[in-house]
Amino acid sequence: MGGLRVDLPPGDQLAFLAGLGVLTALELVEWPVALAIGGGHELARSRHGKVLREFGEALEEA
C-alpha cells in the first residue's frame, strides 16, 4: 500500500483527549471550553511550553 502514516499521541494523552471528547459529546462540557482545555493541555505538554512549565515549577517552590 501507500506510505500513509498516522502518528497518534502517547496513550495517556490519547486517553485525556478521548475523555474530553466524550464529555463534549455528552454535552457535559461545551465545545469551546473543550477546545480551550485541549489547547492548553497541548501547550503545557509541548516543548514550546517549557517556559510555562518552568514558571509553574517556580510557583510551586515559592
### Task
Mind checking the CD-CD spacing from Q13 to E42? Nearest 0.5 Å is all I need.
6.5 Å
### Query
Are V33 and L23 connected, step by step, through hydrophobic side chains (Ile, Leu, Val, Met, Phe, Trp, Tyr) whose heavy atoms are closer than 4.5 Å?
yes
### Message
V22 and side-chain contact (heavy atoms from CB on, under 4.5 Å): which single residue from L26, T24, L20 fits?
### Response
L26
